[in-house]
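In what follows, every heavy atom counts, from backbone to side chain, and hydrogens, waters and symmetry copies are set aside. Keep in mind that this is a model prediction, so the values were computed, not measured.
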Amino acid sequence: MVTTTTTEKYRVVLTVPPYLTRRDCRICGYGVVGKDDVIAVIEPRVDMDAIYAVCHECLEAGPEKIAERLTEHAENLEHRAGILRLMAQGEWVMPTLADLCSFD
């Protein structure tokens, strides 16, 4: 459950990722954190199933811009969630997996 307020203090730290993969920035949602040996992540971990990576642009923006960038990202996600809810109400027609495998 997500609360509406927090007194939690977050920090961005540099760390060695457990595996090399590209990740979307959890601050802005647009930046990509590459397959680097060292990445910036948010602590404490908000979601134990995910690494909250921070892109170079958000690092450069600094702590003064984090709230603005997070809010914009949240608004974009809410908009996308609304679109997905509308799509979920629609009727779907789609090929089968067998169709995909036999596609020439």
From Leu70 CG over to Cys25 SG, what is the distance, rounded to the nearest 0.5 angstrom?
8.5 Å

How long is the span from the CD1 atom in Ile66 to the OG1 atom in Thr71, to the nearest 0.5 Å?
10.5 Å

Could you state the interatomic distance from OG1 (Thr21) to CD1 (Ile39), rounded to the nearest 0.5 Å?
9.5 Å

Under the side chain to side chain donor-acceptor pair (under 3.5 Å) test, which residues partner Asp24, sequence neighbours left out?
none

Share the residues that join Leu14 in a hydrophobic cluster, the rule being Ile, Leu, Val, Met, Phe, Trp or Tyr side chains under 4.5 Å apart at the heavy-atom level.
Val38

Side-chain donor/acceptor pairs under 3.5 Å, residues 77-101, sequence neighbours excluded:
| residue | atom | partner | partner atom | Å |
| --- | --- | --- | --- | --- |
| Trp92 | NE1 | Met87 | O | 3.0 |
| Thr96 | OG1 | Ala98 | N | 3.3 |
| Thr96 | OG1 | Asp99 | N | 3.0 |
| Thr96 | OG1 | Asp99 | OD2 | 3.2 |
| Asp99 | OD2 | Thr96 | N | 3.0 |

Residues that Ala61 engages under side chain to side chain contact (heavy atoms under 4.5 Å, CB included), provided they are two or more places apart:
Lys65, Arg69

Given Val41 and Val12, is the side chain to side chain contact (heavy atoms under 4.5 Å, CB included) satisfied, shown in steps?
CA-CA 5 Å; Val41 298; Val12 176; over 6 Å; no

For residues 10-23, the salt bridge (charged side-chain N to carboxylate O under 4.0 Å, His left out) pairs (sequence neighbours left out) are Arg11-Glu43

So if you build clusters from Ile, Leu, Val, Met, Phe, Trp, Tyr with side-chain heavy-atom gaps below 4.5 Å, do Tyr10 and Val54 land together?
yes

Distance-only criterion, 3.5 Å: show the donor-acceptor pairs between side-chain atoms of residues 26-35 and protein atoms not counting sequence neighbours.
| residue | atom | partner | partner atom | Å |
| --- | --- | --- | --- | --- |
| Tyr30 | OH | Asn76 | ND2 | 2.7 |

Considering all heavy atoms of both residues, which atom of Lys9 and which atom of Pro44 are nearest to each other, and what is their separation?
O-CD, 3.5 Å

